[in-house]
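Numbering of residues begins at 1 and proceeds along the displayed sequence.
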Amino acid sequence: MEKPDWLKSKGYLHITPSLSVENDWKKYYALITDEKLVEKYAFYPLMYNEIKERKYKKIDPSKHKNNQKTGRTHRFINNDGTFQQTAKKRPIHYASHFDALIYAYYSSVLYNKYEKILKNDTFLNESIIAYRRIKLPNSEKGKGTIHFAKEAFDEIISRAEKESVAALTFDIENFFSGLDHLLLKQKWCDVLNEKELPKHHYKVFKACTKFRYVHRDDLRVHKNRGKRRAGFDEKKLSEIRRHKGYKSFFYDNKDFRNAIKNKEITVYKNSFYKILDNEKKVNIGIPQGLPISATLANIYLLDFDQFIINELVKKLNIYYRRYSDDILIICKQDEVELIKKSIIQKIEESFLKISESKTEQFIFKKLAFNKKKETRLTSIKIDNLKEKINKPLIYLGFEFRGYNTTIKSTNLAKYYRRIISIVKRRANRANKLENTNPFNKKAVFKNQIKKLYNSPLDDIDSETHEIKQKFRSRSKFYLKNNGEFDLELCQLPIKNQSNYISYLRRCDKIFKNSRDQSFLKQVKKRHYIVNLAIKKHLNDKL
C-alpha cells in the first residue's frame, strides 16, 4: 500500500505537537481510519488568523471628503469626519496537526464519492471547476485557473461568430460562513447514499459546524504593560523543541488547559449565525481553512448545480461554470432576465444570497474600431441600463475585452506594491546600519530581490546539459546523547520554482500569445519601479 496523498504533515505552529508523518504514516493511517476512535475523539480548538487585503476604491464625492486625492485609495474620510478603511478581512481557521489529518481523510472519502456523481453527467463534470483535480487531455498535469479562463473566453469568441452573446457573473455572499447546517448534513448523507450520517461522519460534521477556536494573536507576548503585542515567546518555543522534539505553543495538554484556566487565552465558539423570523439566533457556516472545507462547499451546492445543468444548460444551451462562489454564465441576450431570476431564486433555496453589487452583465458583439470601419469583438458592460464600451469582463484574474485578454489590473498593482514594500524594508535596514556604523555601505542589492521581477533561472549541468535538481534546506529533529532534541538541516528537492514572472510566461504559453500580445508587456516597467523605489527610500541616487 502506498502512502495516500492526503496524509501529509504540516509545518505550522499550533496548540498541539507537530507530526512527522513521513516515517510513521502507517501508524497514523491506522488511527485515522479507525471509525470507533473517531466516534469518541475530542477535536482540539482551531487556530484563528486574519488575512487582510487592501482594496483600492474610487472616491465618491457625495460620501467622502478625500478631495485632495484623485483616482483610488484604501482609506476614505467620510462626510461626518470619520475614517473608513476598505481592507478586506478573510478569517482563516486551521486545525491542529492530528485533527487536520482526520479532516483530510474524510475529505478524500467525500471527494471520491462526489466525483462519481459528477462523472455520471458530462455537463455537470465540466461545469464545477474549483477544488478538483481535473487533468489536461493526454497529460498527467492538472488544469488551473489559466486554463479555465481561456476556455471561457474561447467560448465567448466562438458563440459571437454568429450573433452577439451575453455574459453574466455572479458572486455568492459569505459563502463558507453562510452554509446552512441542516442542508449541509442532508447533502453529506446524499453523497454517502445514507439516510443518516454514520456516527464517525457525524462526529466530523459536528467538529466542522460546532467548532471552537483560539486567536493566534492571543499567543503573542505582550509588551508595554499589555498594550502592544509583539512576537511569540521564542524562549518557550525553543525549550519545547529541545526537550520534547516537536514544535508547539504548549508543552502538553496540561499546559494548554492551565493557559485557559489562567485566562491567558480564550476559547471562542462558532461566531457565524443568522437571525430567524422569531429573532432567534442560529449558528451557520463552516470555517475556511480546514482540509475538508472546500469539499463540503462543493457538495453543499450539488442540488443547485444539477438544477442549472438540467434546466438551463441542457434546455437552453447556456455555458455554465462555477469556481467556488464565482459563477459565470454565457447565453443569448434575450435569455438574460430568465437566467438571472433562476440563479437568484435557486441560490435562495440553498439559504444563500447573490451579491447584487458583484453581479455584472456584459454583451459581446462586433463593433467598428477605426476610420476604415473595420470590426472586432468588443465587450460592453450593462450598468444601470447604460452601455459602457470596452469595460472588461473580469474572470479568474484576467480582463477580457473580446479582442484582447490582459492580466487583472488590481493584481498588477498588488505585484508592484509588493516590490516597493520589499525594497522599502531593505532600504530601512540599510539606513539603520549606516546610523550604527558610518563605514557600512548604504545600499540595496538588486541581487537579493531579483526573484521578484525576473523569472527563476534554470541551473544547467555543463556536462549533461540537463536542468539540475535544486534543493531547499529544511530542519528536522534528532535526539542527542544527553536526551535533548536538536534541529539538523536536511536537503529536500524543489519540484518547481516559480514566481509572478514565470506565472505570466505560463499564461502566454497556455493562451498561445505572440510576443506582441504577451502578458509580460504589462510588467515591462518593473525594473524602472525597482530603481525608483531604491532611490526614493535610500534617499540617495545609486
Problem set entry | Test side-chain contact (heavy atoms from CB on, under 4.5 Å) applied to I117 and Q306, step by step | CA-CA 10 Å; I117 296 173; Q306 288 174 331; 4.1 Å; yes
Exercise. Is there a side-chain contact between E22 and S9 (heavy atoms, below 4.5 Å)?
Worked result: yes
Problem set entry | Whether over 12 other heavy atoms sit under 6.0 Å from R242 CZ | yes
Problem set entry | Heavy atoms of other groups near N120 CG, more than 12 under 6.0 Å | yes
For this session: For residues F351 and I284, determine if any side-chain heavy atom of one lies less than 4.5 Å from a side-chain heavy atom of the other.
Result: no
For this session: Compare all side-chain heavy atoms of P4 with those of W25 and state whether any distance is below 4.5 angstrom.
Result: yes
Problem set entry | Among D325, D326, I329, the one residue meeting side-chain contact (heavy atoms from CB on, under 4.5 Å) with F170 | I329
For this session: Measure the acute angle between the ring planes of F205 and W188, then classify it against the limits of 30° and 60° as parallel, tilted or perpendicular.
Result: perpendicular
Problem set entry | Donor-acceptor under 3.5 Å (N270 side chain, N283 main chain) | no
For this session: Begin with the C-alpha distance, continue with both residues' side-chain angles, and end with the deciding distance and a verdict on ring pair (Phe, Tyr, Trp, His ring centres under 6.0 Å) for F400 and Y395.
Result: CA-CA 8 Å; F400 180 63; Y395 185 61; over 10 Å; no
Problem set entry | Y29 backbone acceptor or donor facing T33 side chain under 3.5 Å | yes
Exercise. Can you check whether Y103 and Y105 have ring centres sitting under 6.0 Å from each other?
Worked result: no
Exercise. What about the rings of F511 and F519, do their centers lie closer together than 6.0 Å?
Worked result: yes
Exercise. With side chains defined as the heavy atoms from C-beta onward, is the minimum distance between H181 and K185 less than 4.5 Å?
Worked result: no
Problem set entry | Side chain H201, main chain P198, donor-acceptor under 3.5 Å | no
Problem set entry | Derivation of the side-chain contact (heavy atoms from CB on, under 4.5 Å) call for Y323 and I327 | CA-CA 6 Å; Y323 190 92; I327 296 169; over 6 Å; no
For this session: Would you mind reporting whether S293 and F176 have side-chain heavy atoms less than 4.5 Å apart?
Result: yes
Problem set entry | K353, NZ atom: more than 12 neighbouring heavy atoms under 6.0 Å | no
Exercise. For the ring pair Y106 and H200, is the centre-to-centre distance below 6.0 Å?
Worked result: yes
Exercise. Does any donor atom in the side chain of D305 or Y320 lie under 3.5 Å from an acceptor atom in the other side chain?
Worked result: yes
Exercise. Would you say D180's side chain and L183's backbone share a donor-acceptor pair under 3.5 angstrom?
Worked result: yes
For this session: State whether the number of non-hydrogen atoms from other residues, nucleotides or ligands found under 6.0 Å of K236 atom NZ is greater than 12.
Result: yes
Exercise. Between S342 and E311, is any side-chain donor less than 3.5 angstrom from a side-chain acceptor?
Worked result: no
For this session: Taking atom CG of N138 as the centre, report whether more than 12 heavy atoms of other residues, nucleotides or ligands fall under 6.0 Å from it.
Result: no
For this session: Answer whether the closest heavy-atom distance between the side chains of E35 and V38 falls below 4.5 Å.
Result: no
Exercise. Parallel, tilted or perpendicular for Y12 and H14, by the 30°/60° rule?
Worked result: tilted
Seminar exercise, completed: One should read off an interatomic distance between T266 OG1 and I260 CD1, to the nearest 0.5 angstrom, of 9.0 Å
Exercise. Would you find a donor on one side and an acceptor on the other, under 3.5 Å apart, between the side chain of S350 and the backbone of L352?
Worked result: no
For this session: Assess whether side-chain contact (heavy atoms from CB on, under 4.5 Å) is satisfied between L412 and Y500, documenting all intermediate values.
Result: CA-CA 10 Å; L412 293 175; Y500 197 67; 3.7 Å; yes
Exercise. Looking at D508 and R505, does any basic side-chain N land under 4.0 Å from a carboxylate oxygen?
Worked result: no
Problem set entry | Gap separating the CG atom of D171 from the NZ atom of K358, nearest 0.5 angstrom | 4.5 Å
For this session: Identify whether the distance between the nearest side-chain nitrogen and carboxylate oxygen of E239 and K244 falls below 4.0 Å.
Result: no
Exercise. Any donor and acceptor pair, going by atom type alone, linking the side chain of S355 with main-chain N or O of E173 inside 3.5 Å?
Worked result: no
For this session: Using the ring of Y415 (Phe, Tyr or Trp, six-membered ring only), decide whether R417 places NZ or CZ under 6.0 Å from its centre and within 45 degrees of its axis.
Result: no
Exercise. Between the side chains of E399 and T405, does any donor sit under 3.5 Å from an acceptor?
Worked result: no
Exercise. If only atom types and distance count, is the side chain of N262 paired as donor or acceptor with the main-chain N or O of E264 below 3.5 Å?
Worked result: no
Exercise. Taking atom NZ of K274 as the centre, does the number of heavy atoms from other residues, nucleotides or ligands within less than 6.0 Å exceed 12?
Worked result: yes
Exercise. Would one find more than 12 heavy atoms of other residues, nucleotides or ligands at under 6.0 Å from atom NZ of K199?
Worked result: no
For this session: State, yes or no, whether a side-chain contact exists between L192 and K113 at a heavy-atom distance under 4.5 Å.
Result: yes
For this session: Please confirm whether the backbone N or O of K135 pairs with a side-chain atom of S139, one donor and one acceptor, at under 3.5 Å?
Result: no
Exercise. Does K346 count as lying over the ring of F304, i.e. NZ or CZ under 6.0 Å from the six-ring centre, within 45 degrees of the axis?
Worked result: no
Problem set entry | Neighbour count above 12 (heavy atom, 6.0 Å) for D5 CG | no
For this session: Assign the ring pair H215 / Y213 to parallel, tilted or perpendicular, where the plane angle (0 to 90°) is split at 30° and 60°.
Result: perpendicular
Problem set entry | Check: I407 main-chain N/O paired with Q522 side-chain donor or acceptor under 3.5 Å | yes
Seminar exercise, completed: Rounded to the nearest 0.5 angstrom, the CG-CD1 distance for L301 and I172 is 5.0 Å
Exercise. Is the ring centre of F98 less than 6.0 Å from the ring centre of Y41?
Worked result: yes
For this session: Kindly determine whether R90 and E50 satisfy salt bridge (Lys or Arg N to Asp or Glu O under 4.0 Å), including the steps that lead there.
Result: CA-CA 6 Å; R90 190 186 300 276; E50 278 184 355; over 6 Å; no
For this session: Begin with the C-alpha distance, continue with both residues' side-chain angles, and end with the deciding distance and a verdict on side-chain hydrogen bond (donor to acceptor under 3.5 Å, both in side chains) for Y94 and D99.
Result: CA-CA 10 Å; Y94 48 104; D99 293 7; over 6 Å; no
For this session: Indicate whether the side chain of N125 and that of T122 have a donor and an acceptor atom separated by less than 3.5 Å.
Result: no
Exercise. Do C208 and L296 touch side chain to side chain, with heavy atoms closer than 4.5 Å?
Worked result: yes
Exercise. Is N174 reaching over with its side chain to a backbone N or O of S177, donor-acceptor style, under 3.5 angstrom?
Worked result: no
Seminar exercise, completed: Distance col, row I394:CD1 vs S409:OG, nearest 0.5 angstrom, shows 6.0 Å
Exercise. Between the side chains of Q186 and D190, is a donor N or O closer than 3.5 angstrom to an acceptor N or O?
Worked result: yes
Exercise. Run the side-chain hydrogen bond (donor to acceptor under 3.5 Å, both in side chains) check on R132 and N298 step by step: do they pass?
Worked result: CA-CA 10 Å; R132 296 179 61 206; N298 266 347; over 6 Å; no
Problem set entry | Output field: ring centroids Y114/Y111 closer than 6.0 Å | no
